[in-house]
Colleague: 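Please read through the structure below; I'll follow up with questions.
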Amino acid sequence: MPKAKFSPVTGRYVTIEVEGDEYKVFYLENGSGQPIVCQHTAGCHNHQWRGLLEDEEFTQNYRVIAYDLPRHGKSDPPLNQEWWKEEYKLTADFYTKFIVTLCDALELENPIFMGSSFGGNVALQLALYYPDRFDAVIPVEAADHSPGFYLDWWQHPHANAAQVCASGVWDLMAPQSPDKDRWATWFYYSQGSEAFKGDLYFYSVDHDLRGKLDQIQGDKVKVVMLTGDYDYLTTPEDGRRTASQIKNAEFIEMVGIGHFPMSENHELFRNYLKEALDIISAANKAKA
Amino acid sequence: MAVAAEYEWSTRFQEENDRNEELSAHGKFFTCSYLLDMETKKILIRTHSGKIDTINVDPGPLDHYQFAIRASADTWRKFAMPTPPPMYHGIWAASFQGDMKLEGDLLVLMQNLRCLTAQLEILRVVGAPV
C-alpha cells in the first residue's frame with residue numbers, strides 16, 4: 001500500500017438562499033468548541049487558512065470554519081441567476097447578509113468572525129450591523145476606509161489578468177515570509193482574477209465606515225484588530241486609527257508580516273492570533 | 001559611481017538575471033525596456049526573452065524606453081536591501097506609500113509584471129547603484 005496521510009480537515013457543501021439567490025457554499029472545518037468563522041481575502045479562497053485549520057493548539061478549543069465566498073474557490077456564482085449578464089460588484093449589504101445567513105444555516109452559537117483585508121473590513125461591518133449575532137470579531141488588515149484598489153488593471157484584456165492579480169498583490173506580503181507560503185498565496189491569486197475586481201468594489205468603494213465607528217457596540221461585540229507592518233494598503237496607522245474610535249476595541253501591530261498573514265506566514269501569525277483570542281476570552285470572563 | 005564600478009554593477013545585474021531560475025522558466029515572452037530613475041543615476045534596462053539585452057547607465061535624452069520607475073536615491077537604497085523595510089519592499093508598496101512614481105506605458109509594465117517583479121528583486125542581491 002502507498003504511504004498516505006489524511007488531514008483532519010473536512011470539506012462540505014451547504015446550499016443557502018440570500019436575497020432570493022441560491023448559493024451552494026463550500027467550507028472546510030476542523031476542531032470543536034467555540035466557532036471561528038474565517039473569511040479569505042478578495043479574489044482568493046479558503047486555502048489561505050490552511051495553517052490554522054490544521055493547527056491543533058487552536059482546533060482543540062475552537063471549531064475553525066473557513067468558507068469560500070460565492071464566486072471563489074469551490075463556491076459557484078448563484079445557481080438560479082444568469083450572473084454572467086451582470087457586472088459583479090460586491091456590496092456591504094449583501095456580504096453581511098450572506099455571512100449571517102451562512103452562520104444561521106450552520107447553527108453556529110456565539111461565533112467569532114475573523115477575516116483579512118476585505119474580510120477584515122466586513123468584520124467591522126458585522127460588528128456595526130449585527131452585534132447580537134457574533135461574540136467577537138477579529139478584523140485582520142482592516143480599516144474604516146481603504147480606497148485606491150478598485151482598478152481596471154485587474155481585468156485588462158491586453159494583460160494576463162491571472163498574473164497581474166497574483167503579482168499585483170505580491171508586495172502586500174513581507175519579503176521575509178517563507179517562499180513556499182508566499183508562492184502558494186500567489187498561486188491562489190492566479191485562480192481568482194475574475195472575482196477580484198468585483199470584490200474590490202466592496203473593499204475600496206462601498207465599504208466606508210468613517211464617522212460611524214463610534215456606533216459599533218464594542219461592549220457587546222469585542223473587536224480585536226490585527227495589522228502587519230508590511231501592509232501598504234491598510235497600514236498599522238490605519239488599523240490603530242480605526243480601533244481607537246471603536247468602544248473597547250484593541251489593536252495589535254504584527255511585526256514582520258503583511259496583508260495575508262494567515263497564508264503568507266501562519267507560524268508567525270498564530271502568535272498574534274493567540275493574543276487576540278486571549279483578549280476575547282478575558283473580556284468574556286469579565287462580562288460573566 | 002565611477003565608470004568601472006558602474007560596469008561591475010551592470011555585469012553583476014546581468015549575470016544574476018540571466019541565471020535566475022524563475023526568469024529562465026517563465027521569461028519566454030518577457031521582452032521590454034524601462035528606465036530606473038534613481039535621482040542621482042538613471043539606468044535603462046532592455047530585456048529580451050527574459051535575458052538582459054543591454055543595461056545603459058545614464059542614457060541619452062533620445063534613448064527610448066517603454067515605461068519608467070522613478071524614486072529618490074534613498075528609496076532605491078532601501079528597496080535594494082537584502083530585506084527591505086516596510087513600504088520599500090516593492091514597486092506597489094513604494095508607489096502607494098512612498099515617493100515612487102510609475103510612468104509611461106503602464107500596460108507594458110502590467111503585461112510583464114510577474115517577470116519584472118522578479119527582475120527588480122535582483123537589486124536585493126546586487127544592491128542599488130546609488
Side-chain angles (χ1 to χ4, degrees), chain A residues 141 143 146-179 182-183 186-187 189-190 193 196-197 204 227-239 253-261 264-265, chain B residues 20-23 25-32 34 50 66-67 69 71 75-76 78-125 127-128:
Chain A
E141 315 303 326
S146 47
F149 228 46
Y150 183 57
L151 303 170
D152 286 334
W153 291 118
W154 310 128
Q155 288 184 342
H156 198 296
H158 295 180
N160 179 336
Q163 290 196 354
V164 172
C165 292
S167 292
V169 301
W170 181 255
D171 292 0
L172 282 167
M173 294 182 275
Q176 61 269 52
S177 288
D179 281 349
R182 285 193 299 155
W183 277 104
W186 184 95
F187 179 66
Y189 262 91
S190 72
S193 54
F196 190 41
K197 188 183 172 197
S204 278
T227 300
D229 61 352
Y230 275 87
D231 184 351
Y232 69 79
L233 275 180
T234 44
T235 64
E237 289 71 35
D238 293 326
E253 179 172 341
M254 301 186 288
V255 177
I257 204 163
H259 193 75
F260 310 115
E264 68 177 83
N265 193 347
Chain B
N20 183 287
E21 290 175 307
E22 187 190 341
L23 290 173
H26 300 284
K28 183 178 178 184
F29 297 105
F30 179 31
T31 297
C32 64
Y34 63 91
Q66 291 168 295
F67 60 90
I69 306 174
T75 290
W76 283 111
K78 289 173 179 161
F79 189 101
M81 290 167 69
T83 302
M87 309 310 158
Y88 297 92
H89 57 291
I91 59 173
W92 291 72
S95 300
F96 271 70
Q97 295 292 337
D99 64 5
M100 187 169 279
K101 306 284 181 215
L102 308 177
E103 296 176 359
D105 192 347
L106 297 190
L107 178 58
V108 176
L109 183 154
M110 293 296 174
Q111 287 168 331
N112 292 283
L113 186 59
R114 180 198 177 148
C115 289
L116 175 69
T117 303
Q119 188 172 64
L120 290 172
E121 289 186 2
I122 291 171
L123 290 171
R124 294 180 191 168
V125 180

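Only heavy atoms go into these numbers, but all of them, side chains included; no hydrogens, no water, no symmetry mates. Sequence lines set the chain letters: A, B, ... in the order given, protein chains first and strands last, and positions in each chain run from 1.
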Colleague: Give the minimum heavy-atom separation between B/Leu107 and A/Ala159, together with the two atoms involved.
Modeller: CD1-CB, 4.3 Å
Colleague: Which pairs with one or both residues in residues 154-167 of chain A pass salt bridge (Lys or Arg N to Asp or Glu O under 4.0 Å), sequence neighbours excluded?
Modeller: none
Colleague: Of the backbone (N, CA, C, O) and the side chain (C-beta and beyond), which part of B/Leu116 lies under 4.5 Å from a heavy atom of chain A, both, or neither?
Modeller: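 For B/Leu116, no heavy atom lies under 4.5 Å from chain A.
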Colleague: Write out all pairs satisfying salt bridge (Lys or Arg N to Asp or Glu O under 4.0 Å) with one or both partners inside residues 80-93 of chain B, taking only residues at least two apart or from two chains.
Modeller: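 Salt bridge (Lys or Arg N to Asp or Glu O under 4.0 Å) check on residues 80-93 of chain B returns no pairs.
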Colleague: In terms of heavy-atom pairs under 4.5 Å, which option from A/Leu233, A/Val164, A/Leu172 contacts chain B the most?
Modeller: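 Most heavy-atom pairs within the cutoff with chain B belong to A/Val164.
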Colleague: Is there any N or O donor on one of chain B and chain A with an acceptor on the other under 3.5 Å, and could you list each such pair with its distance?
Modeller:
unit_1: B/Pro84; atom_1: O; unit_2: A/Tyr230; atom_2: OH; d: 2.7
unit_1: B/His89; atom_1: NE2; unit_2: A/Asp171; atom_2: O; d: 2.5
unit_1: B/His89; atom_1: NE2; unit_2: A/Tyr230; atom_2: O; d: 3.2
unit_1: B/Ile91; atom_1: N; unit_2: A/Asp171; atom_2: OD2; d: 3.0
unit_1: B/Trp92; atom_1: N; unit_2: A/Asp171; atom_2: OD2; d: 2.7
unit_1: B/Ala93; atom_1: N; unit_2: A/Asp171; atom_2: OD2; d: 3.4
unit_1: B/Gln97; atom_1: NE2; unit_2: A/Tyr232; atom_2: O; d: 2.7
unit_1: B/Gln111; atom_1: NE2; unit_2: A/His158; atom_2: O; d: 2.7
unit_1: B/Glu121; atom_1: OE2; unit_2: A/Trp170; atom_2: NE1; d: 2.9

